[in-house]
There are 2 protein chains.
Amino acid sequence: MQYSVGVEYALHCLVYLIPNESTIGIKELAFFQGIPETYLSKIFTKLTKAGIISSVPGVKGGFKLARDPDDISFWDIVEAVEGKKPIFQCQNIKDKGYLYRDRDCSGCEVSTSSCSINLVMLEAEETMQNYLRSKKLSWLEEELDRVLPAQTRKETRAFFAKGNSINASE
Amino acid sequence: MQYSVGVEYALHCLVYLIPNESTIGIKELAFFQGIPETYLSKIFTKLTKAGIISSVPGVKGGFKLARDPDDISFWDIVEAVEGKKPIFQCQNIKDKGYLYRDRDCSGCEVSTSSCSINLVMLEAEETMQNYLRSKKLSWLEEELDRVLPAQTRKETRAFFAKGNSINASE
DNA sequence: TTAATCGTCGATATAATTTGACTATAATAT
DNA sequence: ATATTATAGTCAAATTATATCGACGATTAA
């Protein structure tokens with residue numbers, strides 16, 4: 001059980017969009033990180049639909065953040081890529097069970113009451129979501145400034161600054 | 001992204017083991033719930049190896065809890081079935097990236113520092129784990145007594161009480 | 001001994017993930 | 001206008017993970 005790599009791609013890519021001075025294309029992002037373009041483009045479609053980034057088609061097009069980095073949380077990104085389905089989904093095996101499978105139980109209390117196990121799992125997941133909601137892209141930007149060598153940060157920003165960006169062609 | 005059904009099977013099955021008055025077999029558990037025997041037996045192997053339940057081989061054998069229900073948490077069960085790997089695993093795409101892929105970076109600071117994004121995801125997961133660690137099987141037992149109709153609970157316990165348990169053969 | 005039961009190992013079937021090839025459409029530079 | 005360069009979307013191959021079945025050996029109660 002794991003999140004898809006799409007989540008990792010999305011989180012890492014969005015770091016580069018934070019400066020938000022110009023649009024950045026899929027090609028540049030994929031080349032810079034050594035990851036496949038086609039898959040990344042699908043991830044970006046999801047992020048666009050979720051309103052996290054906005055797309056600019058055509059020559060000199062690309063993507064930029066659609067909201068303030070302080071208004072984009074880790075959870076927004078995970079949810080956009082992975083969807084809204086909970087990690088644990090109870091398939092209500094009770095209903096297939098010996099006590100009920102041969103009875104018509106459409107109206108009785110057991111079939112309407114929700115599974116206690118399911119509730120616990122949902123609550124557990126919610127604590128995780130709340131933690132991720134509290135971490136914003138703006139925080140990540142500061143954290144990276146603190147943690148990464150200044151040289152690395154500078155080179156990275158230089159790569160994505162428009163003008164010298166024809167480096168995407170090897 | 002989802003936990004496997006194995007987690008659901010395990011949680012539901014362990015409920016029936018709580019009384020711990022006699023061993024219960026895979027066949028009974030699978031029949032009662034209408035789920036496949038073979039898969040369930042694999043799940044139970046995992047639970048056994050994790051020290052949550054213990055197995056009694058031979059005729060009239062089966063499974064029983066290896067510890068007090070107050071000492072078995074939801075997380076123990078999830079971890080036993082799903083393994084210890086984190087939900088989010090950073091594959092360090094940084095290292096394949098443009099800035100580093102052509103350099104020998106075996107000793108430099110960037111490759112040793114851990115990814116901030118990864119840390120956040122691990123911390124988030126930990127909050128979920130802590131919640132699940134706080135919920136024990138003993139709590140679940142009380143909760144089910146409170147929530148389910150007394151009739152259902154009684155019928156269920158009767159099914160698994162040894163003696164009349166040849167009902168597993170349809 | 002025999003039948004029931006767990007433990008282990010593969011085989012298989014189904015589904016999800018990841019990637020690639022290709023087409024359509026939209027915007028811009030010239 | 002047209003060529004160019006971008007995203008958007010479709011289709012499907014390749015890979016991996018999940019779920020299920022089946023077979024065989026070991027153990028044990030009757």
- Query: Can you check whether Ser4(B) has a side-chain N or O nearer than 4.0 Å to OP1 or OP2 of dA17(D)?
  - Reply: no
- Query: At under 4.0 Å, does any side-chain N or O of Ser55(A) touch on OP1 or OP2 of dA8(D)?
  - Reply: yes
- Sub-4.5 Å side-chain heavy-atom contact between Phe88(A) and Leu11(B): yes
- Heavy-atom side-chain contact between Leu132(A) and Ser73(A) under 4.5 Å: no
- Electrostatic pair Arg133(B):Asp71(B) at N-O distance under 4.0 angstrom: no
Side chain of [X] only, heavy atoms from C-beta on: which candidate in [options] is closest?
| X | options | result |
| --- | --- | --- |
| Thr38(A) | dT19(C), dC21(D), dA6(D) | dT19(C) |
| Phe63(B) | dG9(D), dC21(D), dC6(C) | dC6(C) |
| Tyr9(A) | dC21(D), dT19(C), dT28(D) | dT19(C) |

Measure from [atom1] on [X] to [atom2] on [N] and round the result to the nearest Å.
| X | N | atom1 | atom2 | result |
| --- | --- | --- | --- | --- |
| Ile26(B) | dC21(D) | CD1 | C1' | 15 Å |
| Lys60(A) | dT4(D) | NZ | C1' | 12 Å |
| Ile53(B) | dC6(C) | CD1 | P | 10 Å |
| Glu37(B) | dA4(C) | CD | P | 13 Å |
| Phe31(A) | dT5(D) | CZ | C1' | 18 Å |
| Lys85(B) | dT18(D) | NZ | C1' | 12 Å |
| Gln33(B) | dT20(D) | CD | C1' | 17 Å |
| Ile35(B) | dC21(D) | CD1 | C1' | 15 Å |

- Message: Strictly distance-based, threshold 3.5 Å: is any side-chain N or O of Glu82(B) a donor or acceptor partner for the main-chain N or O of Tyr3(B)?
- Response: no
- Message: Treating Glu21(A) as the side-chain partner and Ala161(A) as the backbone partner, does any N or O pair qualify as donor plus acceptor under 3.5 Å?
- Response: no
- CA sep, side-chain torsions, deciding dist, call: Arg153(B), Glu141(B), salt bridge (Lys or Arg N to Asp or Glu O under 4.0 Å): CA-CA 10 Å; Arg153(B) 296 287 279 158; Glu141(B) 174 82 337; 3.1 Å; yes
- Let me know, please, whether Gln2(A) or Val59(A) comes out on the 5' side of the other along DNA chain C by nearest nucleotide. Gln2(A)
- Query: Across the strands shown, which category fits Tyr3(A) at heavy-atom distances under 4.0 angstrom: base, sugar-phosphate, nothing?
  - Reply: nothing
- For Pro57(B) and for Glu82(B), locate the closest nucleotide of DNA chain D by heavy-atom distance; then report the residue assigned to the nucleotide nearer the 5' terminus. Glu82(B)
- Message: Short of 4.0 Å, heavy atom to strand atom, which residues of residues 39-48 of chain B count as contacting DNA chain C?
- Response: Lys42(B), Thr45(B)
- Message: Check for me whether Lys135(B) meets the cation-pi criterion with Trp139(B), that is, NZ or CZ under 6.0 Å from the six-membered ring centre and within 45 degrees of the ring axis.
- Response: yes
